[in-house]
Amino acid sequence: PKEITTLVTFFGATGDLAKRKLFPSVYNLYKKGFLQEHFAIIGTSRQEMTTEEFQTFVSDSIKEFMQEDADADFIRHFDYEKADITVAADYAPLKAKIEKLDQEFALNGNRIFYMSIAPRFFGTVAKYLKSEELLSTNGEFNRLMIEKPFGVSFETAEKLQNELSDAFSEDQVYRIDHYLGKEMVQNIATLRFGNPIFNNAWNKDYIDNIQVTLSETLGVEDRAGYYDTAGALRDMIQNHTMQVVGWLAMDEPTEWTDTAIREAKNKAFNALKIYTPEEVAENFVRGQYGPDAANTQNGYLQEKDVPADSQNNTYVAGKLEFATDRWNGVPFYIRSGKRLAAKTTRIDVVFKQDANIFNNTQPLEKNVLSIIVDPEGKIEYSIIAKDTTPEFKTRPITLEWKVSADDKAQTPEPYERMIHDTMDGNGSNFADWNGVAVAWKFVDAIQSAWDATHQEFPNYVSGSMGPVAADELLARDGHKWVYEG
Ligand code: NAD
């Protein structure tokens, strides 16, 4: 691999995410040769810690999460500087350290700042990075990696965006959505644009409907403090689901670059129909889990720290419409929820079926392309073939491909990929501002319609695939969920 020259400053370096995901990812990039001599990592947080202690913290994280002893030559590139990110004066020693390491490892002023900190600090850090002059003026790049969530509504997201854009231009900002780092999500574009059979049929003439499912089996666990204010709509739909939909709904980009990919996605996002309250009632279903059938699991309202009268959604299903030539009249059904029958992320593309040469009395089954993202990467294509009986009959068969154990071992974790892509300046697999803004406007319209109406909860049993109303939503259009749990 081509060596990347860069300095990365991790804000929140003593936190849970840094320890579990970020340092192991950086170590993988080192082992693969993307990072060799010319890199340095600065950890910063408000904790008092020496560089030696921080290096031990990083070694321990690699031991714990990769079961490996990190190379001493790797660890030597790590340094630590304590700073309270809300205090302007604390940025001066950090700046001095950045400049020192830039010299020591010959980093050419290439800088990445990773914000692994609470979202309320994102804007503050961006502001001080600029005002306290931590951005290099002589390097090839200054880039900002930013964790989620990006706002909690359009209004808050726009405020954050304004704060970021005072210091960084859009092409310097890498907004993390780890679903975009998943192997099979990245495979959507390859399947679409690499195969004429799919590429040519990827439109309203051939596609009946598209379904995106992000289901979890766990309940709220001990995160009610956060989750009760977010719900499935803001926790899973606004970000991950919408970003997956972007890859499905976009036109073919004019070229394979991040700029052209974003442009194509934004054309689709900008054509997404934002609903009125009446349309929300028609096109969206909210749910909240009750106990399981055997009554061994709590319902949401009985969970720790959940207000007894909570109207929060632990399940969302809905229909998206894109007003483009490609998609007019084709519904995109999405759903996500907790305490469902199975944990999976999958996409089911249902094709139209009008073949009738076989004197069939019943309509033939529809072709379905399923892209299974989690828990195991898989592609299934369900098509019509001949049955073996003496009289001529047809039957659906399924072509299947699975990620092999070898492939799986080779596949980088999302965080490794996202850090690599940022170092490499490739923004293809990050959320951009326009897409995030549209997703918030779409979701805000749903949330405000729900806030204005009362719903009886619970309305689905733990361990099921959600409320009956979600099945009815598709049945009204003459469709049904391909995946039934
Ligand atoms: P954490 O609470 O474990 O760590 C927070 C870090 O911020 C610590 O290093 C702490 O010292 C530092 N910090 C807090 N206040 C500070 C201040 N005033 N000055 C300087 N440093 C300060 O949080 P986390 O779980 O590591 O999450 C970090 C970010 O990543 C958050 O934005 C979160 O939403 C996001 N995220 C976390 C996960 C996860 O699995 N933990 C997953 C996805 C996204």
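Atoms within each ligand, like the ligands themselves, are counted from 1 in listed order.
With sequence neighbours excluded, no residue forms a salt bridge (charged side-chain N to carboxylate O under 4.0 Å, His left out) with Glu3.
Within the structure, side-chain hydrogen bond (donor to acceptor under 3.5 Å, both in side chains) pairs that include any residue of residues 236-246 comprise Asp177-His240 (at least two apart or interchain). Note on residues 216-227: pairs passing side-chain hydrogen bond (donor to acceptor under 3.5 Å, both in side chains), not counting sequence neighbours, are Glu216-Lys338, Tyr226-Asp235.
Around ligand 1 you find Gly12, Ala13, Thr14, Gly15, Asp16, Leu17, Arg20, Ser45, Arg46, Gln47, Ala83, Asp84, Ile85, Ser116, Ile117, Pro119, Phe121, Phe122, Glu147, Lys148, Tyr415, each with a heavy-atom distance below 4.0 Å.
Side-chain contact between Tyr128 and Leu134 is absent, with no heavy atoms from C-beta onward closer than 4.5 Å.
Residues Thr453 and Arg286 have side chains that bring a donor and an acceptor to within less than 3.5 angstrom of each other. Side chains of Ser153 and Thr156: a donor-acceptor N/O pair is present below 3.5 angstrom, by distance only.
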